[in-house]
Amino acid sequence: RKQNSVEARRKLEATSFFLFFLLLYLVFTNTTQMAFSTLYCGTYSDDKHEYLVVDKSIKCEGSEYKLFYGLAIFFILLYPIGIPATYFVELWKHRKAIQNADERDANPKIKHISFLWRDY
């Protein structure tokens with residue numbers, strides 16, 4: 001009975017990790033694009049002030065822009081740098097199991113990251 005409980009918990013854990021990593025993979029491009037677009041300012045018509053390109057109501061000199069800028073830098077570190085780094089760490093940590101072609105498809109310890117290497 002205890003064996004079944006442990007096995008069920010491992011399966012739930014692997015499924016949860018898989019769904020979490022898959023979600024990160026799916027939202028990666030849009031989130032990265034949005035984070036970088038928050039850094040771009042531009043001028044419009046005769047106005048000499050620069051405004052945030054994604055929200056033209058925000059001047060790039062103001063405190064509101066500094067808040068958006070700080071958040072953009074945070075999300076750039078979190079997503080475009082942090083997510084690939086997380087994938088790298090997971091792949092590196094499980095590299096021997098992934099390289100074992102005979103057993104990797106049945107290995108529950110690497111199932112949650114299989115979408116990162118399965119097609120290669």
Side-chain angles (χ1 to χ4, degrees):
R1 196 159 216 199
K2 187 176 181 180
Q3 181 70 18
N4 289 341
S5 174
V6 170
E7 191 67 33
R9 197 177 103 218
R10 282 188 185 152
K11 189 173 184 177
L12 177 64
E13 196 174 90
T15 302
S16 298
F17 272 114
F18 171 77
L19 292 173
F20 176 69
F21 282 127
L22 185 62
L23 176 67
L24 290 178
Y25 180 78
L26 293 173
V27 300
F28 180 77
T29 304
N30 289 336
T31 306
T32 299
Q33 182 181 8
M34 184 59 74
F36 277 106
S37 69
T38 307
L39 301 176
Y40 298 119
C41 295
T43 56
Y44 301 96
S45 63
D46 295 338
D47 195 347
K48 64 181 177 180
H49 296 286
E50 286 191 327
Y51 295 89
L52 195 58
V53 172
V54 293
D55 187 349
K56 294 166 184 62
S57 68
I58 299 174
K59 285 185 181 179
C60 288
E61 305 86 44
S63 60
E64 193 173 14
Y65 173 71
K66 289 179 183 176
L67 174 67
F68 279 105
Y69 188 85
L71 286 171
I73 295 298
F74 171 75
F75 281 107
I76 287 169
L77 293 173
L78 181 68
Y79 263 80
I81 296 170
I83 299 304
T86 301
Y87 289 159
F88 173 78
V89 167
E90 284 295 304
L91 289 169
W92 184 262
K93 187 168 59 172
H94 299 291
R95 69 188 179 277
K96 290 183 181 175
I98 292 169
Q99 291 171 349
N100 186 350
D102 296 330
E103 298 177 13
R104 70 176 166 214
D105 290 333
N107 189 335
K109 292 182 180 181
I110 60 174
K111 189 172 188 155
H112 68 285
I113 56 170
S114 63
F115 72 97
L116 291 172
W117 51 265
R118 187 179 311 135
D119 293 333
Y120 296 100

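Numbering of residues begins at 1 and proceeds along the displayed sequence. Just so it is clear, the model here is predicted, and its values are computed rather than measured.
- Relative ring orientation between Phe18 and Phe115 is described as perpendicular, the plane-to-plane angle rising above 60° on a 0-90° scale split at 30° and 60°.
- With sequence neighbours excluded, no residue satisfies ring-ring contact (aromatic ring centres under 6.0 Å, His included) with Phe74.
- In this structure, CG in Asp46 is found 14.5 Å from OH in Tyr44, a value given to the nearest 0.5 Å.
- Contact of the Leu39 side chain with the Ile73 side chain is registered, since non-hydrogen atoms from C-beta on lie closer than 4.5 Å.
- Atoms OH and CD, from Tyr40 and Glu50 in turn, are 13.5 Å apart once rounded to the nearest 0.5 Å.
- Follow the hydrophobic side-chain contacts under 4.5 Å out from Leu22 and you reach Ile113 in the same cluster.
- Within the model, atoms CD1 of Ile76 and OG1 of Thr32 stand 8.5 Å from one another, a figure rounded to the nearest 0.5 Å.
- To the nearest 0.5 angstrom, Leu78 atom CG is 8.5 Å from Thr86 atom OG1.
- Note on Arg10 versus Glu13: no salt bridge recorded, every NZ/NE/NH1/NH2 to OD/OE distance being 4.0 Å or above.
- With a 6.0 Å radius and a threshold of 12 heavy atoms from other residues, nucleotides or ligands, Gln33 has its CD atom at or below the threshold.
- Cluster membership for Phe36 and Leu77, using ILVMFWY side-chain heavy atoms within less than 4.5 angstrom, is shared.
- Of all heavy-atom pairs spanning Cys41 and Val53, the tightest one is C-CG2, 3.8 Å.
- How far CG of Leu52 is from NZ of Lys59: 13.5 Å, rounded to the nearest 0.5 Å.
- To the nearest 0.5 Å, the span separating CZ on Phe68 from SG on Cys60 amounts to 11.0 Å.
- Of all heavy-atom pairs between Ala14 and Pro108, the closest is CB-O, 4.2 Å.
- Relative orientation of the Tyr65 and Tyr69 rings is tilted, given thresholds of 30° and 60° on the angle between their planes.
- Listed by chain and number, the residues in a side-chain hydrogen bond (donor to acceptor under 3.5 Å, both in side chains) with Ser57 are Asp55 (sequence neighbours excluded).
- Environment of NZ in Lys66: sparse, with no more than 12 heavy atoms of neighbouring residues, nucleotides or ligands closer than 6.0 Å.
- The only option from Val89, Ile110, Asn107 that meets the side chain to side chain contact (heavy atoms under 4.5 Å, CB included) definition with His94 turns out to be Ile110.
- The minimum heavy-atom distance between Ala35 and Ala72, with the atom names listed, is O-CB, 3.5 Å.
- Both Ile83 and Leu19 are part of a single hydrophobic cluster, where members link through side-chain heavy atoms under 4.5 Å apart.
- Taking the six-membered ring where the residue is Trp, Phe17 and His112 present tilted rings, their angle falling between 30° and 60°.
- Without hydrogens or angle criteria, Tyr87 side chain to Tyr25 main chain gives a donor-acceptor distance under 3.5 Å.
- A donor-acceptor pair under 3.5 Å links the side-chain atoms of Arg104 to the main chain of Ile98, judged by distance alone.
- In this structure, the side chain of Thr38 engages the main chain of Met34 through a donor-acceptor pair within 3.5 Å.
- Using bins of under 30°, 30° to 60° and over 60° for the plane-to-plane angle, the ring pair Tyr79/Phe75 lands in the tilted bin.
- Cluster membership check: Phe28 shares its hydrophobic cluster with Leu91, using side-chain heavy-atom separations under 4.5 Å among Ile, Leu, Val, Met, Phe, Trp and Tyr.
- Other residues, nucleotides and ligands contribute at most 12 non-hydrogen atoms within 6.0 Å of the CZ atom of Phe20.
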